[in-house]
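Values reported hereafter were calculated over all heavy atoms of this structure, with side chains retained and with hydrogens, waters and symmetry mates removed.
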Amino acid sequence: DAEKVKRNRMIMAIVVKTGANTSKGEQLRNILFSSTPLFTFDIHVRIVIGILALYAVFGFAMTLHFLATDPTSGWFYAMYVVGSALPPLLPTVFVVSVGVCSNRLRERGVIC
């Protein structure tokens with residue numbers, strides 16, 4: 001009880017201002033109101049997926065153009081080209097690679 005309120009004396013104070021201008025306060029503020037960091041990897045992933053999508057559209061159009069005499073087989077072959085350019089497991093590869101990088105950083109003492 002704070003030594004019985006300093007031996008029965010009333011302690012009064014007025015709080016004028018609060019803040020987090022100490023290093024611990026800044027650390028707490030960064031934890032509570034942290035912004036998600038944007039890594040270079042995240043930016044490059046968007047560029048790579050964009051390039052692969054353009055490649056898929058180009059391959060789709062070229063396949064349909066060259067196999068215009070047989071539209072059914074042309075369609076399926078064009079879908080195969082799109083599936084080859086944008087594999088369904090591509091997001092999994094990205095997630096696993098981020099996990100591997102995170103483990104490597106943790107081994108070196110960098111915690112993300």
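Here E107 contributes atom CD and S102 contributes atom OG; the two are 10.0 Å apart, rounded to the nearest 0.5 Å. The distance from atom CG of L67 to atom OG1 of T69, rounded to the nearest 0.5 Å, is 6.5 Å.
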Could you pull out all donor-acceptor pairs under 3.5 Å where a side-chain atom in residues 49-63 meets a protein atom, sequence neighbours excluded?
from	atom 1	to	atom 2	distance (Å)
T63	OG1	G59	O	2.7

Please tabulate, for side-chain N and O atoms in residues 73-95, each donor-acceptor pair with protein atoms closer than 3.5 Å (sequence neighbours left out).
from	atom 1	to	atom 2	distance (Å)
S73	OG	D70	O	3.3
S73	OG	D70	OD2	2.6
S84	OG	Y80	O	3.0

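Partners of S97 according to the side chain to side chain donor-acceptor pair (under 3.5 Å) rule, which considers only residues two or more places apart in sequence or in another chain, do not exist here. When the side-chain contact (heavy atoms from CB on, under 4.5 Å) test is applied to V98, the partners found at least two apart in sequence or on another chain are F41.
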